[in-house]
Each structure stands twice: as C-alpha cells, then as structure tokens.
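Order of appearance sets the numbers: ligands from 1, and atoms from 1 within every ligand.
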Amino acid sequence: MEEPRASIVGVGPGDPELLTLRAARRIEESDFVLHAGAEPLAGFAIEIVVDRLRADIKVEGLALKPARGRDDSTVGYDRAARRIIELVNQHQRVVYLAEGDPLFYGSGTGVSERLRRLDRSFEFEVVPGVTSIAAAAARLKRPIAIKEEIFAVCPGTYHRDEIGAIVDRGGPMCWLKARDILPELIEALNARGRLADAVLLERVGRPDERIVTDLTTALELDLSYFSLVLVR
Ligand SMILES: C[S@@+](CC[C@H](N)C(=O)[O-])C[C@H]1O[C@@H](n2cnc3c(N)ncnc32)[C@H](O)[C@@H]1O
C-alpha cells in the first residue's frame with residue numbers, strides 16, 4: 001500500500017519517548033511539519049519532536065486559536081486543512097502534529113473534519129498517540145478503570161454548572177481543562193468526601209511536570225492549560 005502523503009500525527013503528552021514508532025517515522029520522512037503553535041519551533045506539540053526534525057524539514061506554526069465553547073471559523077482548522085491540501089498538491093509529504101491523541105478532544109478532530117469537508121476524496125491518515133490520561137495514570141501507577149467501573153472524562157470548562165452532578169455519578173473520572181474550574185471542582189469533591197481521591201497533574205511527561213496531591217494547594221499555583229485532575 002502506498003504511504004499517505006498527509007498524516008495527522010499524535011505526539012503524545014510530552015515525553016518524546018512516548019511517541020509511537022509510526023509517529024516518529026512519519027515525522028522523520030516528512031517534507032513539511034505543521035502544528036498549532038504560533039511560531040515554527042514554539043508550541044506544545046512541536047517541542048516534543050524537535051530533536052527528530054531533519055535540518056531540511058520545513059516547519060510551520062499555524063497559530064491556531066483554541067476556542068472555548070462551540071468551534072467556529074476563528075480557530076483556524078479550515079486554514080490548516082487548506083494548507084495540508086495545498087502542500088500535498090505540490091507533492092510534499094505533510095505531517096500535522098497534535099498533542100496526545102489527535103482524535104481525543106484534540107485539534108486533529110477539527111483538522112480531519114475540515115479535510116473531509118473540503119475534499120471528500122482527499123487521502124490522509126491519522127496516527128494515534130498516547131493520551132494525557134494514560135500518561136497521568138501511568139505516572140501515578142493507578143488504574144484508569146477496572147472491571148465494572150464506568151470511567152468519566154469531563155472537559156471541565158464546558159460543564160461548569162454540572163460538576164456536582166458529574167461527581168455524584170461516582171466512579172473514577174478525569175477532568176480535562178482542570179485549571180479553569182479548579183475552585184468549583186475542589187468544592188464539589190470536598191462536599192462528597194472525594195477530595196483526597198483526586199490528584200492534579202500538570203504538563204505530565206514534560207521536564208517541568210508537576211503533581212499535586214492536595215488540590216487546595218494548587219489554587220495558589222500559576223497552572224498551565226495542560227493540567228488535568230484524575231479521581232479514583
Ligand atoms: C483539548 S484537550 C487535548 C487532549 C489530548 N488530545 C490528549 O490526548 O490528551 C487539552 C487538555 O488535555 C489535558 N492535557 C493534555 N496534555 C496534557 C499534559 N501533558 N499534562 C496534563 N494534562 C494534559 C489538559 O487537561 C488540557 O486542558
């Protein structure tokens with residue numbers, strides 16, 4: 001089978017050793033690497049793979065704007081998809097980098113959806129990546145979910161008014177985008193006796209990773225967007 005000329009590649013949560021073999025190969029064999037950061041060599045995803053870039057690979061930061069709420073055209077997925085198609089039409093091998101897994105709340109969802117919308121016959125692949133949840137659980141050596149458990153994943157900023165109700169469901173859970181809902185989450189967990197079950201992990205897998213076991217102390221910290229809370 002012919003190798004795809006366009007790949008949306010998950011680069012994992014931050015540790016370069018958590019790249020898959022396929023992700024590494026696609027990056028190493030590419031002509032162009034695109035990513036969401038604002039500058040060619042600055043951004044969460046590109047920094048994970050910077051040591052793998054051949055000197056002649058061209059790198060473009062597309063300055064995508066993460067949007068809270070429903071996606072709209074200001075995010076830049078359309079621009080990213082158009083650029084991928086343009087480069088493939090110029091016979092370039094193109095990789096679009098997405099942190100973690102591209103299709104798990106990632107920018108790969110928006111870019112792949114736009115690719116299909118712009119050209120139904122356009123061929124591309126998605127290379128899965130290690131999600132931040134898997135990396136966080138491994139870091140803590142705690143199960144994500146076992147046996148009959150139902151594991152809940154909650155992108156916090158979208159569910160600010162339902163935090164208590166979601167915690168009431170019980171079971172293990174992960175709160176993504178945790179920084180922006182931390183006071184409400186702490187209150188809800190505390191009211192239900194589950195605060196001690198929660199751990200916050202920031203920039204897991206990166207050299208500046210932080211793990212906070214007493215969530216109340218995290219309120220004092222200047223946390224990154226790349227923070228999640230695991231509860232079990
Ligand atoms: C838009 S979601 C992207 C998830 C990503 N595609 C994945 O597979 O992990 C962004 C959220 O994921 C979490 N996240 C992503 N990478 C992280 C990391 N290295 N450490 C902690 N949380 C991370 C944070 O909660 C962040 O707000």
- Query: Do NZ/NE/NH1/NH2 and the carboxylate oxygens of K177 and D180 come within less than 4.0 Å?
  - Reply: no

One line per pair, note the atom names and distance for all nitrogen or oxygen contacts under 3.5 Å between ligand 1 and the protein.
unit_1, atom_1, unit_2, atom_2, d
ligand 1, 6 (N), E99, O, 3.2
ligand 1, 6 (N), D101, O, 3.0
ligand 1, 6 (N), F104, O, 2.8
ligand 1, 8 (O), D101, N, 2.8
ligand 1, 9 (O), S132, N, 2.8
ligand 1, 9 (O), S132, OG, 2.6
ligand 1, 14 (N), S132, OG, 3.4
ligand 1, 16 (N), E99, OE1, 3.2
ligand 1, 19 (N), P13, O, 2.8
ligand 1, 19 (N), V204, N, 3.4
ligand 1, 19 (N), V204, O, 3.2
ligand 1, 20 (N), R203, N, 3.3
ligand 1, 20 (N), V204, N, 2.9
ligand 1, 25 (O), K177, N, 2.8
ligand 1, 25 (O), S227, O, 2.7
ligand 1, 27 (O), K177, N, 3.2
ligand 1, 27 (O), Y225, O, 2.8

- Using a strict cut-off of less than 4.0 Å between a Lys/Arg side-chain nitrogen and an Asp/Glu carboxylate oxygen, indicate whether R26 and E3 qualify as a salt bridge. yes

- Presence of salt bridge, R83 and E86, under 4.0 angstrom: yes

- Note on the structure: Only residue of T20, V49, D101, I46 satisfying side chain to side chain contact (heavy atoms under 4.5 Å, CB included) with V11 is V49

- Task: Taking only Lys NZ, Arg NE, NH1 and NH2, and the carboxylate oxygens of Asp or Glu, determine whether R206 and E47 approach each other closer than 4.0 Å.
- Result: yes

- Message: Using a strict threshold of under 4.0 Å (side-chain N to carboxylate O), is an ion pair present between E184 and R160?
- Response: yes

